[in-house]
Structure formats: structure tokens, C-alpha cells
Amino acid sequence: MTFHKEGYTSMALCILFIFVLNALVHFFYPDAVVLKWIVYILSFLLFVIILQFFRSPKFAITTHNQHVICPADGKVVVIEEVEETEYLKDKRIQISVFMSPVNVHVNRNPIAGVVKYFKYHPGKYLVAWHPKSSTENERTTIAIENPEGVTVLFRQIAGALARRIVWYVKEGQQVEQGQQFGFIKFGSRVDIFLPIGTQVNVNLGDKVKGGRTILAELTA
């Protein structure tokens with residue numbers, strides 16, 4: 001288990017806050033033993049929360065041209081046929097994965113190929129399970145075309161707590177399946193749009209793992 005680079009600033013601020021808070025308590029309330037222990041415990045809990053949120057587990061990724069691997073840890077909250085209107089402009093199977101604050105928030109490429117489309121959209125911060133969060137929240141849209149010419153589109157969507165989406169890809173870039181493409185801070189959602197006819201391997205409510213769970217199998 002490693003600590004993700006996106007957490008360096010947050011961890012530094014956390015440590016500074018803990019140091020200042022404890023120093024103030026010791027200075028103004030030197031004899032308040034109970035208060036000191038309460039602050040110690042709260043400081044430890046805050047440190048652990050930041051540490052676990054930005055954890056970045058290492059594991060072997062099994063790649064396969066026909067497989068669509070899950071881009072994020074979380075829970076499957078949507079499986080439905082929709083019209084994708086931003087880039088593909090056709091009907092797709094949408095699978096949405098909700099990431100709670102306790103999940104690993106590393107985002108990984110579901111397939112290998114070339115990034116054909118990328119766009120960042122500033123927006124609102126509706127709760128991640130809100131039906132309009134996919135089109136109104138802060139988000140990115142990424143489309144990758146695999147060597148067989150099949151395109152999979154996916155979105156990072158900020159939630160009510162998330163205020164920053166980070167991405168590491170750009171149009172024209174060749175990417176590998178399972179490679180990190182981004183990170184979302186403090187709870188969010190990822191939508192994946194698959195071709196009609198794709199074999200979906202998950203069900204609503206399933207707990208899934210980024211880079212490990214096979215969401216679907218492409219038919220072309």
C-alpha cells in the first residue's frame with residue numbers, strides 16, 4: 001500500500017493543523033488532561049482518515065482486449081440504456097459506479113487504446129447519485145478507441161464533497177488498460193458508456209474494484 005501523490009498537500013495541511021491545534025491546547029490548557037486526550041484522539045482519527053483516503057494499493061492488472069475493467073472502487077448504482085449526447089451521439093449501455101469517501105479514489109483506464117476525446121466541464125456539486133449529476137456536475141469526459149475500433153466513453157463526476165477532479169490524459173495519447181488516468185477527491189462517481197450489445201458482467205448493488213473487476217465484455 002502506498003500514499004497517492006494527490007494527497008501530499010492534504011497530508012501536509014493535516015499535519016500542520018494537528019501540530020497547531022495540539023500546541024494551542026498545551027499552551028492555553030496545560031493542566032486539562034482530559035481535553036488533551038480528546039484532542040490526541042481526534043488528531044489521530046483525522047490523520048488516519050486522510051491516510052486511508054489517499055491510499056493507492058499496488059496489485060497486478062490482468063489485461064484483455066475484450067474486457068472492460070472497472071475504472072474505480074465503489075458500488076454499481078446504474079445499469080441502463082441511454083443516449084450519449086456529448087461525443088458519441090448514439091445509444092449506449094451506461095454503468096455508473098458510486099465512490100464513497102472510504103473507497104480508493106484512484107481512477108483507471110477501462111480499456112487500452114487511443115484517447116480520441118477529452119473535455120473538462122466545470123459545474124455544480126450535486127450529490128453523486130443525483131440523476132442530473134452526470135450532465136450538470138463538475139466532470140471530465142474521456143473517450144478511448146481500442147485497436148479493434150471500439151470506443152468506450154467514461155466520465156469522472158464530482159460529488160457533493162468532491163471539489164477537485166484530477167486527470168492525467170489528453171487527446172491523441174496512447175494509454176494502457178488499468179493505467180491511472182485520474183483521481184477524484186472526497187467522494188464521487190464514474191460513468192462508463194459501452195456499445196449496445198456489450199455483455200455486462202455486474203449487477204446493480206455489486207461492490208466493484210478499480211483495475212480488477214471485469215465490468216463487461218466487448219462483442220467486437
With sequence neighbours left out, what residues match Phe17 under ring pair (Phe, Tyr, Trp, His ring centres under 6.0 Å)?
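Phe17 satisfies ring pair (Phe, Tyr, Trp, His ring centres under 6.0 Å) with no other residue.
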Any donor-acceptor N or O pair under 3.5 Å, side chains [X], [Y]:
{"X": "Gln180", "Y": "Asn107", "value": "no"}
{"X": "Ser96", "Y": "Gln94", "value": "yes"}
{"X": "His121", "Y": "Glu86", "value": "yes"}

Does [X] use its side chain to pair, donor to acceptor, with the backbone of [Y] at less than 3.5 Å?
{"X": "Thr213", "Y": "Lys209", "answer": "yes"}
{"X": "Lys75", "Y": "Ser100", "answer": "no"}
{"X": "Thr198", "Y": "Pro195", "answer": "yes"}

Under a 4.0 Å N-O cut-off, is there an ion pair linking Lys119 with Glu171?
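Result for this pair is no, no salt bridge flagged.
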So for atom [atom1], which belongs to [X], do other residues, nucleotides or ligands contribute more than 12 heavy atoms lying within a distance under 6.0 Å?
{"X": "Phe59", "atom1": "CZ", "answer": "yes"}
{"X": "Glu176", "atom1": "CD", "answer": "no"}
{"X": "Lys116", "atom1": "NZ", "answer": "no"}

When Pro71 is tested against each of Leu215, Ile111, Val106, Asn109 for side-chain contact (heavy atoms from CB on, under 4.5 Å), which residue passes?
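With Pro71 as partner, Leu215, Ile111, Val106, Asn109 yield a single side-chain contact (heavy atoms from CB on, under 4.5 Å), made by Leu215.
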Shared hydrophobic cluster for [X] and [Y] (ILVMFWY, side-chain gaps under 4.5 Å):
{"X": "Leu13", "Y": "Val20", "value": "no"}
{"X": "Phe53", "Y": "Val166", "value": "yes"}
{"X": "Leu16", "Y": "Phe47", "value": "yes"}
{"X": "Ile41", "Y": "Phe19", "value": "no"}
{"X": "Leu153", "Y": "Val82", "value": "yes"}

Please tell me if the side chains of [X] and [Y] come closer than 4.5 Å, counting only heavy atoms from C-beta onward.
{"X": "Ile144", "Y": "Val114", "value": "no"}
{"X": "Ile157", "Y": "Asp191", "value": "yes"}
{"X": "Val77", "Y": "Leu204", "value": "no"}
{"X": "Val78", "Y": "Ile95", "value": "no"}
{"X": "Arg108", "Y": "Gln179", "value": "no"}
{"X": "Met11", "Y": "Leu51", "value": "yes"}
{"X": "Val152", "Y": "Asn146", "value": "no"}
{"X": "Ile61", "Y": "Thr63", "value": "yes"}

How long is the gap from [atom1] on [X] to [atom2] on [Y], to the nearest 0.5 Å?
{"X": "Leu46", "Y": "Ile15", "atom1": "CG", "atom2": "CD1", "result": "10.0 Å"}
{"X": "Gln199", "Y": "Leu194", "atom1": "CD", "atom2": "CG", "result": "11.5 Å"}
{"X": "Thr151", "Y": "Tyr87", "atom1": "OG1", "atom2": "OH", "result": "6.0 Å"}
{"X": "His67", "Y": "Ile214", "atom1": "NE2", "atom2": "CD1", "result": "4.0 Å"}
{"X": "Ile184", "Y": "Arg139", "atom1": "CD1", "atom2": "CZ", "result": "12.5 Å"}
{"X": "Trp37", "Y": "Leu42", "atom1": "CH2", "atom2": "CG", "result": "13.0 Å"}

Between Asn65 and Glu148, is the side chain to side chain contact (heavy atoms under 4.5 Å, CB included) condition met? List the steps.
CA-CA 9 Å; Asn65 283 343; Glu148 287 74 37; 3.9 Å; yes
Mind checking whether Trp167 and Phe118 have ring centres under 6.0 Å apart?
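Under 6.0 Å, so yes.
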Can the ring centres of Tyr168 and Phe181 be said to be less than 6.0 Å apart?
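Centroid separation for Tyr168 and Phe181: 6.0 Å or greater.
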Which atom of [X] lies closest to which atom of [Y], heavy atoms considered:
{"X": "Gln177", "Y": "Ile69", "result": "CG-CD1, 3.7 Å"}
{"X": "Ala158", "Y": "Ile165", "result": "N-CD1, 3.7 Å"}
{"X": "Glu217", "Y": "Asn201", "result": "OE2-ND2, 3.3 Å"}
{"X": "Ala112", "Y": "Pro147", "result": "O-CD, 3.9 Å"}
{"X": "Val97", "Y": "Asp73", "result": "CG1-O, 4.0 Å"}
{"X": "Asn103", "Y": "Phe98", "result": "OD1-O, 4.1 Å"}

Apply side chain to side chain contact (heavy atoms under 4.5 Å, CB included) to Lys36 and His26, showing your working.
CA-CA 7 Å; Lys36 287 180 181 178; His26 276 266; 3.8 Å; yes
Dump the intermediate steps for side chain to side chain contact (heavy atoms under 4.5 Å, CB included) on Ser43 and Asn22, then the final yes or no.
CA-CA 8 Å; Ser43 298; Asn22 281 266; 3.1 Å; yes
Might you work through the side chain to side chain contact (heavy atoms under 4.5 Å, CB included) test for Arg55 and Thr2, ending with a clear yes or no?
CA-CA 6 Å; Arg55 68 195 188 278; Thr2 58; over 6 Å; no
Using the six-membered ring wherever Trp is involved, compare the ring planes of Phe183 and His105 and label them parallel, tilted or perpendicular (cut-offs 30° and 60°).
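It falls in the tilted class, 30° to 60°.
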